[in-house]
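Written out below as structure tokens is the structure these notes cover.
Just so it is clear, the values below take in all heavy atoms, side chains as well, and ignore hydrogens, waters and symmetry mates.
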Amino acid sequence: MATEPIDLEAAGLCVGPDGSAIGMPQLCADWMPNQIFWLVITLIVIYLVLSRVALPRIATVLAERQGTITNDLATAEDLKRKASEAEEAYNKSLTDARAEAQRIIAQNKSEMQADLDKAIAKADAEIAAKTAESQKAIADIRASAVQSVEAVAKETAGSIVAALGGQADDATIAAAVDANMKGASS
Amino acid sequence: MATAVDDHGEGGGLVFHPMDQFIIEPVFGDGAVGMFTFTNIALWMLLAVACVVGLMVLGTSKRATVPSRTQSVAELAYGFIYKMVEDVTGKDAVKYFPYIFTLFIFIVFSNFLALIPTSFSPTSHIAVTAVLGFGVFIAVTVLGFVKNGASFLGLFWVSSAPLALRPILAVIELISYFVRPVSHSIRLAGNIMAGHAVLKVFAGFAAITVVAPLSVLGITAIYALEVLVGFIQAYVFTILTCVYLKDALHPSH
């Protein structure tokens, strides 16, 4: 106990009569050989276990993992490259197809234009021919109309003269009508 | 820890025996503690060995590329110390890595096992930490002379200082060099011993009913601190070993 004067002999034994420590048990020289002996045994056992079994094993595992990761990364890189190549090819074919389509469209357009031009030209020619025909017909009709008017005028003039009591031969009337019509038409 | 106040009834006062937890006694029977007696310190060192084997050997037995929990803890410890050795000491020190790792894992497991109530803490004993510390000191000194010959003494001759100061600095460097193992070992033992003694004292106060809640709260806080200290002291011991080893391999200032 703390109040008792420390017995030198008991202090040598490091434990007081009541079973509690005297001073610091850490400084008890009697126990040190035991501690050191077991510590050395412990250290040797741990050292052997670690250096022979555990540490090489962990080093192997870590190296293997590193290798696996590196391999996987390389594979991923390769796949990525392939994917981008495929995408490039796809884009290229898409561009090609688009250009081809443009070309076909242009060709079709020009063919259609040519057909159209031809049809228009043909139609124009037909229209021109029809116009000429029509004009001729109109001219004929006009000529016949003039003749009819002349005949009707002569007849009417002869009738009017006869009705007024005059005598006139056909030749005179015809000459007069002709002269008048010329004057009217000129 | 419950035995702290075993005879508090006498005189009604509190009696603390915070150091009783460090007493070494035989596990089987009563008797003197001889050199080869199987004592409580031997038992707890053996448990530390068992834990090391469990974590580092059994935990990694599957050698899985995608690690299990124990395997990833083992790998974490391996990577932590390996990187420390490589960064602090240099690539040429990797061949001493197994011993440095042995020191780290032994101290860390001893410290953590010692936090189990009623357990025993081997690293709280100066005899133990002195063997660790002086072991490192002697190994490093021998290694320094073997690797560098007499030029290892250049460690004490600070060539960047003015010539007049160099002899004085050499004396200081020499003293600090020989103090290294002492501080190296006492730091660890002192931290662990103090922490556990404080836990005991707090536990002793729990005998007074009014103070008990505060005492329990204090124990909880100190316990958390001790968990931190247990790891940090192992880390400090290991990194100092690396630093001393670096001085031995590359003695130039």
Using 0.5 Å steps for rounding, measure from the CG atom of L43(A) to the CE atom of M45(B). 7.5 Å

Contact part of A64(B) toward chain A, heavy-atom cut-off under 4.5 Å: side chain, backbone, both or neither? backbone

Between H125(B) and M32(A), is there a side-chain heavy-atom distance shorter than 4.5 Å? no

With a 4.5 angstrom heavy-atom cut-off, which part of L27(A) approaches chain B: side chain, backbone, both or neither? side chain

Applying the side chain to side chain contact (heavy atoms under 4.5 Å, CB included) criterion to V52(B), which one of T42(A), L50(A), V45(A) satisfies it? L50(A)

Less than 4.5 Å to any heavy atom of chain B: does that hold for the side chain of A59(A), its backbone, both, or neither? both

Of the backbone (N, CA, C, O) and the side chain (C-beta and beyond), which part of P18(B) lies under 4.5 Å from a heavy atom of chain A, both, or neither? neither

Does a salt bridge link R65(A) with E75(B), judged by any charged N lying under 4.0 Å from a carboxylate O? yes

With distance as the sole test, does R57(A) use its side chain to make a donor-acceptor pair with the main-chain N or O of V57(B) at under 3.5 Å? yes

With only heavy atoms counted, which part of F101(B) is less than 4.5 Å from chain A, the side chain, the backbone, both or neither? both

Spatial distance of atom CD1 (I186(B)) from atom CD (Q26(A)) [nearest 0.5 Å]: 11.0 Å

Portion of L55(B) that has a non-hydrogen atom of chain A nearer than 4.5 angstrom: neither

Side chain, backbone, both or neither of L39(A) within contact of chain B (heavy atoms, under 4.5 Å): both

Please classify the contact between F38(B) and chain A as side chain, backbone, both or neither, with a heavy-atom cut-off of under 4.5 Å. both

Does M24(A) reach the side chain of F22(B), with side-chain heavy atoms less than 4.5 Å apart? no

To check you understand the geometry: which heavy-atom pair defines the closest contact between M19(B) and P25(A), and what is its length? O-CG, 3.3 Å

Looking at I41(A), L62(A), I69(A), which one has more heavy-atom pairs under 4.5 Å with chain B than the rest? L62(A)

Contact winner vs chain A - Y99(B), F36(B), F97(B), heavy-atom pairs under 4.5 Å: F36(B)

To the nearest 0.5 Å, how far apart are CD1 in I58(A) and CE in M56(B)? 3.5 Å

Top residue by heavy-atom pair count (under 4.5 Å) with chain A, among T60(B), V53(B), L103(B)? T60(B)

Answer key: most heavy-atom pairs under 4.5 Å with chain A among P122(B), A48(B), P67(B) is P67(B)

Would you mind telling me which of T37(B), I41(B), I23(B) makes a side chain to side chain contact (heavy atoms under 4.5 Å, CB included) with W31(A)? I23(B)

Under 4.5 Å from a heavy atom of chain A, the part of Q71(B) involved: side chain

If you tally heavy-atom pairs under 4.5 Å against chain A, which of V33(B), I24(B), V131(B), L46(B) wins? I24(B)

In this structure, are over 12 heavy atoms from other groups packed under 6.0 Å from E155(A) atom CD? no

Of all the heavy-atom pairs spanning S20(A) and D20(B), show the shortest one and how long it is. CB-OD2, 3.1 Å

As an exercise, state the distance from CD1 of I46(A) to CD1 of I105(B), rounded to the nearest 0.5 Å. 8.0 Å

